[in-house]
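Step one of this worksheet: look at the structure below.
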Amino acid sequence: MRAHIHKISKYAPSIFQGRFNFSSAGRGVSLSMEHPTEAIALRVLSVAFILVVCGYLYFVSASILNVIARKEALTRISVIQGTIGGSEQRYFELSKGISPASGPALGLAPIGKQAYVYRPGNVGAATIARNEI
């Protein structure tokens, strides 16, 4: 059995092969000539790339600065909490020495007649927003 070998012609392309027509620039696309909008597109893409890089650098530096500011705020909070704790301890120590008998020495006088104000309803009620941010 002899296998029949088909001859492949150089000049007749297959239906699966594509073709570039470089013979004339007016009818087709030429890779050797610059397209009129290519320079504008290159400028626009360059500016867009520069803007994206600048935006990236801005957001990265802003997030780093926010992390640093948060750490500084946490250290200041701990210092203030320590100061408040010391002040409360001092207040409690000083308040042990105050009694109703020491009132006249501080310039305080007993109340003679007491009168209380009562407002029906919620005229003086204030609402506090929970999430102000």
Side-chain angles (χ1 to χ4, degrees):
M1 283 187 153
R2 276 184 122 189
H4 183 67
I5 299 175
H6 294 283
K7 220 180 208 187
I8 298 174
S9 175
K10 293 181 181 178
Y11 304 108
S14 169
I15 59 170
F16 299 113
Q17 291 177 343
R19 180 185 343 189
F20 287 117
N21 185 9
F22 294 120
S23 62
S24 67
R27 290 186 315 180
V29 177
S30 175
L31 296 178
S32 63
M33 293 178 46
E34 182 182 25
H35 196 269
T37 59
E38 190 173 335
I40 297 170
L42 182 64
R43 286 187 195 134
V44 169
L45 290 175
S46 300
V47 169
F49 179 72
I50 290 171
L51 287 176
V52 166
V53 168
C54 290
Y56 174 76
L57 292 175
Y58 170 75
F59 287 119
V60 166
S61 63
S63 65
I64 289 171
L65 290 177
N66 283 336
V67 168
I68 292 171
R70 180 178 179 268
K71 287 184 179 180
E72 288 178 359
L74 289 176
T75 57
R76 290 195 64 198
I77 286 172
S78 65
V79 168
I80 291 172
Q81 284 177 346
T83 306
I84 289 173
S87 298
E88 286 177 346
Q89 183 180 9
R90 190 165 163 246
Y91 167 76
F92 288 134
E93 289 174 2
L94 293 175
S95 66
K96 289 179 185 176
I98 298 176
S99 66
S102 63
L106 295 173
L108 301 174
I111 297 174
K113 184 179 179 184
Q114 297 175 353
Y116 296 100
V117 177
Y118 173 72
R119 286 188 183 173
N122 59 357
V123 176
T127 58
I128 299 172
R130 290 289 172 200
N131 293 325
E132 291 95 12
I133 294 178

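These figures come from a predicted structure and were not determined experimentally. Quick note: numbers below take in every heavy atom, side chains included, and nothing from hydrogens, waters or symmetry partners.
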Out of curiosity, [X] [atom1] to [Y] [atom2], how far, rounded to the nearest 0.5 Å?
{"X": "Ile84", "Y": "Ile77", "atom1": "CD1", "atom2": "CD1", "value": "10.5 Å"}
{"X": "Glu88", "Y": "Gln81", "atom1": "CD", "atom2": "CD", "value": "10.5 Å"}
{"X": "Thr37", "Y": "Leu42", "atom1": "OG1", "atom2": "CG", "value": "11.0 Å"}

Review item, side-chain donor-acceptor pairs of residues 67-74, under 3.5 Å, at least two apart:
none

Exercise. Among all residues two or more places apart in sequence or in another chain, which pass the side-chain contact (heavy atoms from CB on, under 4.5 Å) test with Val53?
Worked result: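 Val53: side-chain contact (heavy atoms from CB on, under 4.5 Å) contacts with Phe49, Leu57.
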
Exercise. Does Ser102 have any side-chain contact (heavy atoms from CB on, under 4.5 Å) partners at least two apart in sequence or in another chain, and if so, which?
Worked result: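 side-chain contact (heavy atoms from CB on, under 4.5 Å) list for Ser102, sorted by chain: Ile98, Ser99.
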
Exercise. Same hydrophobic cluster for Ile64 and Tyr56, using side-chain heavy-atom links shorter than 4.5 Å among ILVMFWY?
Worked result: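 Yes.
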
